Structures are given as C-alpha cells and as structure tokens.
Amino acid sequence: MSCSQVQKVLCLFKKCLYLFLTSCYQVAYTLFMNGDFFLPPAMIFTETKTHLFFVCFILFVLLFIYLFIYLLYLLINYYCLWYYYLFIYLFIYLFIYLFIYSKFSNLLISFDHFIGDSTRRTTPINPDVVKLWEFNDVEDLLENLKDFLFNLYFRQLLINPKDRRALSVLFAAGHLTSLLTLGTNTGLVMDIGYTEALVVPVYEGIPVLKALQSAPLGGQSIERRIEEQLKNSCKITMENGEEKQVSALPECLNQQILEDIKVRCCFVTNINRAKSIHNVTVYGEDSSKLPKPPHGLEYPLDGGKVLHIPGSLRENSCEVLFEQDNEEKSISTILLDAIIKCPIDMRKEMAQSIVIIGGTSMLPGFQHRIISELYDLMKKPKYQQELSVKKFKMYKLPAKENYAAWLGGALVGALETLPSRSITRDSFNQNEKLTDWCCVAEESEAEKAEKTTAKTR
Amino acid sequence: MATFLDVDLVKYLCSCGKKRPVCRLYLCRHCLKLRCGDCVLHEVRKLVDTPYCPNCLENMPSAEAKLKKNRCSNCFDCPSCSHTLATRATSQMVSNPEDPNKSTPKKMYYMACGFCRWTTRDVNIADKSVGKFYVSSNSSGGWEDLENPDAKRIFSLLEQYQQIAQKEKAEKERKKYVRRRSYMTYAASIDKYGLTSVAAKRKSLSTNVSNISLKENEEAVITQLKPAEPTGEFEPLPEDVFTQPLLLDKISTISQRHATPEFQPSETTSMYPVHKHLLIRRSLRCKECEHNLCKPEFNPISIKFKIQLVALLHIPEIRIFAPTDLVFKKETKVILTVCNPAAYNTTIELKKMDPESDDFSNSKAELPKKEIILSRRDDAAIYDDGSQGQEAFKDDHNIVPFRKANKIGVIVKVTPQVQKENVKISFILRHDHRNTTISLPSENQEPQIVWLEHKVFIDLGPVKQK
C-alpha cells in the first residue's frame, strides 16, 4: 500500500467516525431518557444455528477491524491507547449548547417522541418512534437529525432556530458528567444501559482508561432471558379460552412487550435467594431446592389474549446480570476488576465511591444487590488475594439514574466557559474533523515524520 | 382522501431534487418552483408568534413561557394516557362555621380524563375549591405542582460550577495578557522538539470537562459545596415482593414514567397531572426569494392562513383512478385522474421525460399527445348534476374517458417491462399557470400566463402473476 492510499483509507475512516459521532450525541441525549444505550450489538454467543451466521459475520468484521487497527498501529506507532479512547468516545456523548440558556427547563422536555413527521402532535405515548441511529446512509442520518432538531426547536423549545444557533459542540464522557451531579470528581462509574455495562473509574476528573471494563449485559440481555423463558414454558390463553404455548405464537411478543414485562414485573432478588436459584439454573441442582417463587401474574396481550407469567420468571430474569459467564464476568465482577486494574493507592477511594447510572440500574432491588454481591465476591480467593478493600460505598444520585449523565451534561452546558472548550463550527469547517485521540496521535506522528525528513535532508 | 392517504404512489419532483407527494409541496409564486418542507426556511416570527396552549388557546410571551418551562399553567394532561384532563365540578356539603348543625353546599372541583377515566381522586389529590381556569398555580386553592426534592441541590451545584467557570474565564484573560507581554517568544523558542505542543494538546483533551471542577486554589471566592456522601446502606427489597401478588394495573408503564422525567413514578398511585406543553406557530419562507410560502394568522384561535401557497391549491393533481391488472409485455390502459384546483381553465399536456434524466421509470408509457383542457374549479359545481357544459370540450374518448366538473380521466397506455418489481412510469406534466400575484391589482393588467413543468413519478403497483 502506498502512502497516499493509506491516507485515503484513514480519511475515509475518520469521515465515518465523524458521522457516527455527530449522530451519537443526539442519540445519547435521547437514550438517557429511554434507559437504553446504544452500542454495536452485544455479542451473545448461542449455539443455535440461526445465530451461527451472525457470529461468523461478527468474527469476520472483528477480524477486519483488528487488521485495520493493526495497520493503523503500525502506521502511528506512537501511542496505541488511542483506540480505547475511540471506544469511549463511541460510547458516551453529551452536548448541550442548545440549552445553555434554558438550563433546567429542559428537564420537562419529553424525550421519547422527538422524531418523525414534524407535523405530529407531541404525546408521551408514541409507538412509531424512529430512532436516530436507525439509518442506512448519510441522507437517512441527516433526515433523522433534521427531524430531531426540528422537533427540539418547534415542539419543545418553541423558538426561532435563528435565535439560538448551535455554535459549538462539546463531546463529553457520560461517566464524567454524571459525577458532576454529585459535586465530586472521583468515582467508580458504572453505566448499565440497554446493550452493555461499562465501568470507568474516574480519578480527580480524569477517566482511568487503563482500568476500563465492560460486559455485554444490560436491559437487552434481561429481555432475551425473559423471551427465552416465555418460549420455553409459558402459555397464552386465547380469546376462545384455548391454551397455547408461547413458542407456537412467536408474533405475540415484541420488544415493547418484553420491555414492559421487564420494567413492570421483574425485580432483582436478594442474594440468598439468588444463590439457591443459581445452584439450580446454572449448576443444575435439583429444582426442589428452589425457594418458593413469588406470585405469577396474568399479563393481558392484544385482542383478549392473556399471557401467563410465572413468578419464577419475575425473579430469575434479572439474574442474567449476576450469573458469571464463561469468562467469569458479571456486572459485579467487572466493578471489582476495574478496581484491581486501578493503581493501588486509588483502590480504596474507588471502592467507596461507586456510582451507577443507566436505566437498567433502576430495577427494584438493584442497588442493594450490587453491594451485597460485592461483599460476597470479596470472600472468593481470587479477589481476596488481590484486594484488601473492606468497605464498599455507593453514591445516591440527585436524579434518576437514566438521565444522570444528561443532567451532568446540562450542568456543563450552562457554563460560560463552554464555548472555549467545545468545537466551534468555524474550527470544524477549517479542519473538517473532530479532535479526538486519533487526531492527536496522528498529528504528532505527522510532526515526527516532518522532523525526520528535515533531519535527513 | 387519496390525496392525503395513499401519498406514496404519485410523486412530484421538488426543485431540491426530492420526490414528494403533491400534498407535501408548496409552490413559490415568485420563483414559480415547487418547494418541499426540506427546502424552505422554517421560522417563528418574533413578537408575533407566541407560544400558546393547544387546549385553552391562551397565548403568552416567550419569556413567560420560558419561565413556565413551556407549559400551560392551567391545563393538564392525564398522567396515565396523556389525554387532556377536564375539570369536573361537584357540590360538597361543608359545615357552616357559624352554625355547626347547618351545612351548606359548596362547589368543589377535581380533574378527570375523558379517555381513560383517570381522576385526581384516584391518587388522593383533594378536590379544590376553585376551578383551574381562574387560578394561577401559586395561589392557594389551585393545583400545586410537585416539587423535585433534588432541585435545590442541583441549582446550588450549578451555582458553584458557574462561579468556578467565571473565575476560570477571568484567569484566562489575565494569562493571555501576561503571556503576550513577555513569554511568547521565549515559549516558542524552547519548543524545539514539539513536546510542549503535544503535551498541551493532550492535556486540553483529557481535562476538557474535568477541569471545570478542578480549581482548588480559589476557595477565597467560591463557596465550596459539600460533595455528596456515599453510603454503604441501601434499602433491601421489601419482603412482600415475594409473598404478595403483583397487581399489574398498579404499576406504571415506561411512557407514563417518562412523562415526568424528574419523578418517574413506578406506581400509578403516585402519578400526578402533567402540565400541558405549549405549541407555537411557524411560518415558511422560500429560501431563494425569501417570500413567505405559508403564514398563519396571529390569533391562535384562527385556523386560517394569511398566505398559503400549498401546491395542492395551484397545480393539477394527478391520481391513479383505479388499480389495473398489469400483464408483462402487454399494453394496458391505465386511467389517471387529473384535477384542476385553480379558478380558471387550465391546459395540460403530458410529455415524455428525457430518458437520460429519468432513473425511475421501468416500463413504457404511451401518453396522450394532445393538449387537454381542464375546466376551472367551481365550488358550486357539486350542486349541478354534472351534465352541463361538458360538451364544450369535445373530448376524444380514447384519451379522456370521462369528465366531471374540474376533474377528468386520462388514459395512459402502459406496457410493463418488468416481471417482479412494481411498474413505474414517469412523465412531465406541463400546464399553464396564471400568476395573479405579481401584478398589483391597481394596474389592472392581464394576469401573466406562464407554463410550468413538473416531473411526475407514478408507482402503478406489481405486475399480475399468472
């Protein structure tokens, strides 16, 4: 590959990245309210054949990405951490110059109906929401963004777009901004959203990226577990009183229903019951040892059908977050792993300043369970040897978990210094790119190259 | 209703290059070009367009609306189904303070949803003695708003951050000044290895946001707020989760929760009426000539427009008359209807499109070669039996099979060239347009006649399978 070709590829890559980033801050902004986060689909490896293709595809893509990164790494050969940063940037976005004046009035903006036909009346209940990131090409994305901004200006803010232009954009990590709502700058922040749980320790305002931990656990995995259980054993009573297996009527279930079941019926049980449940479901003990399940319920579906939800489903579904997978990862272990990866003098402070954000953490019983899980895990030799933390403490946020990161972003957005810290339109027009870690590495590389050529001359 | 429902079948080409149904287009009478929602300027007129409540139609100045978070203080939405709540009056017997034995009836008000039957009594909100329309939200007796318990903390945090930001700004200005005086050249000379610039860059990135809270040497001015205290104790699940049956209708859904993001009640018993969100009118402007395309009247009660240049009122509308059985490689007559919205007789002509600029059509269409006259729109025509005046046009029945008032049918012979896909044809619609707007009425001159051409794209549906 000649040098110019490589540069072309790089350029293309950055363009894609930029498009992605521009979409993301709006996405994140919405998602904080929806309680789910956007990331590339979590890889859940299952043995069924239908997934095999998907897995192969993902592997192929991964291989490709890996090769690409390796190529970049060879090229840049300067500071390979940049792609961790890339990852973070992909994950979290906030912006908020739009709201610099209105500050908290935005709390009242209803968030889940921002897109679509701009002539549509706003109602909180709106089934056909078009999601911002659901696009095939640049035009779709532009269309989505345009509709989104239209809605912000004409439905929510009710002002002339000319009077409040978005002059600059700031991308900030949601883990960081959520700490601002607490008034601190140190904390072990776990964001558990729809597709993924991501732990980032933040020390004195700086994310410790070396200790970043993630697991493909979140709202989506709970919903999958619910679906699985429903299809395995549950029944639907039809309009005429006939009973049918759920697996015979797969069209009855959709994401909305699963989400609704998750939010309204499920809870995170206490650790003692959970242990005996794990013994049965994971380690295959006799099912007679299960604790007495909570009451089941009749869940009405469309058209007079009734879905019978057993009590065990309500209790067991959320356990998917705590069952350790093949790599012994669960949402509680990634917290501890993140602490272990931190420098030794930070660990105690981290353990005593845990912050959990993201919609999935709003399940009843979640916070209590996490703390007791942490103490329980500390009894294991693996962690006992590595960590000597005696006490875990968690922050209570002054906001609901699903919008804490947004609130922090709004706080930043209301500050006078924001324009000096964010990327202005003019500077973007000059460079045609957003500054992030890739750019820094690349620029310094370019400078280096210049110097060496100067020297050789 | 086909104009508004089956809008994806017949599309016109907008001047911006997008294909849109005619009901979504505007005709700029100054540029004489079609404009769509994407290529016009949407704006809210200053001082004229003010936010108004869609329920009570009361408008308020923008500043006041901002203060009220763009919500109406009098009207409420149902927290359960987001329908508008209505006030209901009941009479209640209140004991007379002067004579305890006597009780007098007193009018009390509560709110109820006409759609889902939710009432404020469901969530134990006491009835109020005053109807909501006469009460500001603060005075006693009115409907009080729930208060976010964390709001105080958030505002004090914001205050603190703002102080820090101000300080930082001041410092920056000072630094700039000092630097310019002495160190500028020096700093540049020591940057031999390009290290400082790299370091500075990296620093500026990593501490982009964090720095805001990282100014320790300034306690003198800034009132330090105590950071939140982490706790080790969290409420365990109540025991009755395991023993009591779950009542699904007592638990709120996600959309009910998201209607009030600050509270997000998990139980229906803690739901509270939501203030109705205000709306605003916007007007549209052509981006090229900056003339208004659509301008509502000032009064929110009025549904009329001062200016409304919707294409549907100015250019002939084409629709598919009825679904036709299309057979592969067989010429079929397809009837299109053309409707004239203008108040004068319009001449139309269907022309073939230049095949190079046409990437839409996939079948052959034989268009009528003659010009056809469409009679003018007459609102009184629906009272006629439809037989008068039609002979005047002398229609060729092979081209125009029927004619009724301002509407005609046109036969287009289509030969499908595809088997699997939908049959698509395209042509140019050419018609005359009387531009009545440019000439001033006082000049009393003949309205200028222009010929407009629009590209029309029609999706006729799939080919009939044998």
Side-chain angles (χ1 to χ4, degrees), chain A residues 33 102 105 107-108 110-112 122-125 154 156 158-160 162 172 176-177 180-185 204-206 259-260 263-265 267 269-270 294-295 297 299 352-353 364-365 367-368 371 391-396 398-400 403 411-412 414-417 421 435 440 444 447, chain B residues 38 42-44 46 51 62 65-66 69-71 81-82 150 153-154 157-158 161-162 165-166 168-169 172 194 198 201-202 205-214 225-228 230-232 234-237 241-242 244-246 248 251 253-255 258-259 261-262 264 277-278 280 282:
Chain A
M33 288 337 260
S102 59
S105 66
L107 278 185
L108 284 180
S110 14
F111 285 83
D112 51 345
T122 39
T123 54
I125 298 161
F154 295 115
Q156 311 294 351
L158 308 182
I159 49 162
N160 200 353
K162 274 187 182 167
L176 205 60
T177 54
L180 290 180
T181 61
L182 294 163
T184 64
N185 47 34
E204 293 293 334
I206 301 194
E259 189 181 25
D260 195 56
V263 170
R264 292 168 81 191
C265 308
F267 59 90
T269 185
N270 62 40
H295 286 268
L297 75 150
Y299 184 90
Q352 302 203 351
S353 57
Q367 318 263 6
H368 183 255
I371 288 281
K391 190 129 187 78
F392 292 101
K393 278 184 178 173
M394 235 150 82
Y395 279 112
K396 272 197 175 107
K400 297 287 175 202
Y403 72 89
L411 286 170
V412 178
L415 298 182
E416 271 177 75
T417 49
R421 287 176 188 282
T435 323
V440 173
S444 52
E447 270 170 37
Chain B
D38 292 341
H42 297 244
E43 61 178 6
V44 172
K46 256 185 199 163
S62 304
K66 203 176 356 176
K69 299 175 181 177
N70 281 346
R71 302 258 168 183
C81 68
S82 82
D150 299 317
R153 167 84 186 163
I154 292 169
L157 274 175
L158 180 68
Y161 291 146
Q162 267 168 347
Q166 246 162 16
E168 196 193 313
K169 208 178 172 187
K172 214 178 214 171
V198 176
K201 245 178 244 160
R202 194 176 306 158
L205 273 168
S206 64
T207 56
N208 225 353
V209 190
S210 53
N211 247 0
I212 294 170
S213 55
L214 273 177
L225 208 66
K226 243 175 78 188
T231 62
F234 276 89
E235 290 269 303
L237 270 182
V241 168
F242 303 108
Q244 297 299 313
L246 179 79
L248 201 60
I251 295 172
T253 62
I254 290 187
S255 45
H258 287 178
E262 324 96 295
Q264 301 191 31
H277 203 281
L278 302 177
I280 199 157
R282 64 182 123 154

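Computed from a predicted structure; not experimentally measured. Lettering follows sequence order; numbering is per chain, from 1.
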Q | Whether B/H42 and A/F154 hold their rings parallel, tilted or perpendicular, with breakpoints at 30° and 60° | A | tilted
Q | CG on A/L415 to CG on B/L158, rounded to 0.5 Å | A | 6.5 Å
(Q) For a 4.5 angstrom cut-off between non-hydrogen side-chain atoms, does A/P364 reach B/L237? (A) yes
Q: Flag the pair A/P294 / B/L246 as yes when at least one side-chain heavy-atom distance between them is below 4.5 Å, and no otherwise.
A: no
**Q.** Over all atoms of both residues, closest heavy-atom pair of B/A165 and A/E416
**A.** CB-N, 4.4 Å
Q: Please name the pair of heavy atoms, one in A/I159 and one in B/V44, separated by the smallest distance, quoted to 0.1 Å.
A: O-CG2, 3.8 Å
(Q) So which atom in B/P51 and which in A/L158 form the shortest heavy-atom distance, rounded to 0.1 Å? (A) CB-CD1, 3.8 Å
**Q.** Nearest atoms (heavy-atom pairs only) where B/A228 meets A/Y395
**A.** O-CE2, 3.0 Å
Q) A/K396, A/H368, A/K162: which one forms the most heavy-atom pairs within less than 4.5 Å of chain B? A) A/H368
Q) Taking side chain as C-beta onward, heavy atoms only, is A/Q367 less than 4.5 Å from B/E235? A) no
**Q.** Euclidean distance, A/N160 CG relative to B/R282 CZ, rounded to 0.5 Å
**A.** 11.0 Å
**Q.** B/I154 side, atom CD1; A/L180 side, atom CG - distance, nearest 0.5 Å
**A.** 12.5 Å
(Q) Quick check: do A/R264 and B/L248 have side-chain heavy atoms less than 4.5 Å from each other? (A) yes
Q: Find the distance between CD (B/E262) and NZ (A/K400) and round it off to the nearest 0.5 Å.
A: 10.0 Å
Q | Closest contact, heavy atoms only, A/P398 versus B/R153 | A | CB-CG, 4.3 Å
(Q) Which heavy atom of B/P227 sits nearest to which heavy atom of A/T184, and what is that distance? (A) CB-CG2, 3.3 Å
Q) Given a strict heavy-atom distance threshold of 4.5 Å, which part of A/I371 is in contact with chain B: side chain, backbone, both, or neither? A) side chain
Q.
I want to check something: taking the side chain as every heavy atom from C-beta on, are A/K393 and B/T231 in contact at a cut-off of under 4.5 Å?
A. no
